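Note that this is a predicted model, so its numbers are computed, not measured.
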Amino acid sequence: MLLNYLRRLSGHRRTRSANRQLGALLALIAGAVNAGGFLAVHQYTSHMTGFVSAIADNLVLGNLLLVLGGVGSLIAFLCGASAASVMISWSRHRGLHSEYALPLVVEAFLLLQFGLLGANLHAFVAITLPATVLLLCFIMGLQNALATQLSNAEIRTTHVTGVITDLGIEFGKMLYWNRSNQPHAEGHIHADRDKLLTLIAILLMFFIGCLIGAIGFKIFGFSAVLPFAALLVLVALVPVLDDVIALSRQKLRDR
């Protein structure tokens, strides 16, 4: 039962229910990393709007070092998104079960690197601080691209501006007065209740993740990333093992 659930949650065959559940889980992790990362490096790294604004502000103020840092963060986020796309495309062309699970394993590994960097953050600040910011941006770009691709751009997990906007749209549809009560009548406006549930779940889980991340980093420091990395590995494990078993059987048949 558990194995089938994990296979459905992160496998290559997607359903709206699985997308909602995985999206909510990823939003929890993104919220935790975003809040915990702020305590570590004093920057929110899960969304790029602030970085673009900061680049413009610092460019006008002549803070070229901060401009370079902002540009580097944007590039890191972009590279993370590109890496997710490459991994998914590579796995898809080979018919692997783990096309979406593989980026989750990579994200778990990178979260561990974040923990290692953070543990030595005060030892070599000039190196570890910018490296930590770039790593967090890369992780968030990777995760956001993964969620976007598996849900056909219906789900974003590392920021909630779009989520709240979509919630407003759906609430507006719910409040709209239709001349006809027939749901299939021409021009009838109605909300997508399944989408509403998904959006609410992502928003709540992101907020809960922020609380957990802030409390965890405050109490346990960078070791707080360990359960999140372990959770990602657990979620991704079954599709990855399915591919390992399938490849092993293929090698045996080829002998």
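Residues Ile169 and Lys173 have side chains in contact (heavy-atom distance under 4.5 Å, counting atoms from C-beta outward). Contact annotation: the side chain of Phe138 never approaches that of Leu134 to less than 4.5 Å [non-hydrogen atoms, C-beta and beyond]. Between Arg249 and Ile245, some side-chain heavy-atom pair lies under the 4.5 Å cut-off. Contact check for Glu107 versus Phe228: no side-chain heavy atoms found under the 4.5 Å cut-off. Between Leu237 and Leu241, some side-chain heavy-atom pair lies under the 4.5 Å cut-off. At least one side-chain heavy atom of Met174 sits less than 4.5 Å from a side-chain heavy atom of Arg193. Looking only at side-chain heavy atoms (C-beta outward), Leu196 and Phe171 come within less than 4.5 Å of each other. The shortest distance between side-chain heavy atoms of Leu203 and Ile164 falls below 4.5 Å.
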Ignoring hydrogens and angles, write down the donor-acceptor pairs under 3.5 Å from the side chains of residues 28-35, residues two or more places apart or on other chains.
{"residue": "Asn34", "atom": "OD1", "partner": "Thr45", "partner atom": "N", "Å": "3.1"}
{"residue": "Asn34", "atom": "OD1", "partner": "Ser46", "partner atom": "N", "Å": "3.3"}
{"residue": "Asn34", "atom": "OD1", "partner": "Ser46", "partner atom": "OG", "Å": "3.2"}
{"residue": "Asn34", "atom": "ND2", "partner": "Ser46", "partner atom": "OG", "Å": "3.3"}

Contacts table for residues 73-90: side-chain donor-acceptor under 3.5 angstrom, sequence neighbours left out:
{"residue": "Ser73", "atom": "OG", "partner": "Gly69", "partner atom": "O", "Å": "3.0"}
{"residue": "Ser82", "atom": "OG", "partner": "Leu78", "partner atom": "O", "Å": "3.0"}
{"residue": "Ser89", "atom": "OG", "partner": "Ser85", "partner atom": "O", "Å": "2.9"}

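Across Val67 and Ile55, no two heavy atoms sit closer than the pair CG2-O, 3.8 Å. Among all heavy-atom pairs drawn from Phe220 and Ser223, the shortest one is O-OG, 2.8 Å. When all heavy atoms of Gln143 and Leu26 are compared, the closest pair comes out as OE1-O, 2.9 Å. Pairing each heavy atom of His159 with each of Phe206, the nearest pair is N-CE1, 4.3 Å. Considering all non-hydrogen atoms of both residues, Val233 and Ala108 come closest at CG2-CB, 3.6 Å. The two residues Asn19 and Ile155 make their nearest non-hydrogen contact at O-CD1, 3.3 Å.
Applying the 6.0 Å contact sphere to CZ of Phe38 captures more than 12 heavy atoms from other residues, nucleotides or ligands. More than 12 heavy atoms of other residues, nucleotides or ligands shown are found within 6.0 angstrom of CD1 on Ile219.
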Would you check, one step at a time, whether the test side chain to side chain contact (heavy atoms under 4.5 Å, CB included) holds for Gln113 with Leu135?
CA-CA 8 Å; Gln113 303 310 304; Leu135 178 60; 4.0 Å; yes
May I have the step-by-step check of side chain to side chain contact (heavy atoms under 4.5 Å, CB included) for Thr15 and Arg8, ending in yes or no?
CA-CA 8 Å; Thr15 64; Arg8 182 179 63 84; 4.0 Å; yes
Go through the steps for Thr49 and Thr161 under the test side chain to side chain contact (heavy atoms under 4.5 Å, CB included), then give the verdict.
CA-CA 10 Å; Thr49 307; Thr161 303; 5.9 Å; no
Lys195/Glu154 under side chain to side chain contact (heavy atoms under 4.5 Å, CB included): CA gap, chis, key distance, verdict:
CA-CA 9 Å; Lys195 185 177 181 179; Glu154 289 185 0; over 6 Å; no
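Side-chain contact annotation: Tyr100 with Arg92, donor-acceptor N/O pair under 3.5 Å present. A donor atom on one side chain and an acceptor atom on the other are found under 3.5 Å apart for Asn4 and Arg7. Ser98 and Asp243 share a side-chain donor-acceptor pair at under 3.5 Å.
Considering CG of Leu232 and CG of Leu112, their distance stands at 9.5 Å, rounded to 0.5 Å. Between the CG atom of Asp242 and the NE2 atom of His97 there is a distance of 5.5 Å, given to the nearest 0.5 Å. Between atom CG of residue Leu142 and atom SG of residue Cys137 there is a gap of 12.5 Å, rounded to the nearest 0.5 Å.
If you chain together hydrophobic residues whose side chains sit under 4.5 Å apart, Tyr5 and Leu22 fall into the same group. If you chain together hydrophobic residues whose side chains sit under 4.5 Å apart, Ile200 and Met205 never meet in one group.
For the side chain to side chain donor-acceptor pair (under 3.5 Å) test, residues two or more places apart in sequence or in another chain that qualify with Thr158 are Asn144.
Under a 3.5 Å cut-off, the side chain of Arg14 and the backbone N or O of Leu9 do form a donor-acceptor pair.
Classified by interplanar angle (parallel below 30°, tilted 30° to 60°, perpendicular above 60°), the ring pair Phe222/Phe114 is perpendicular.
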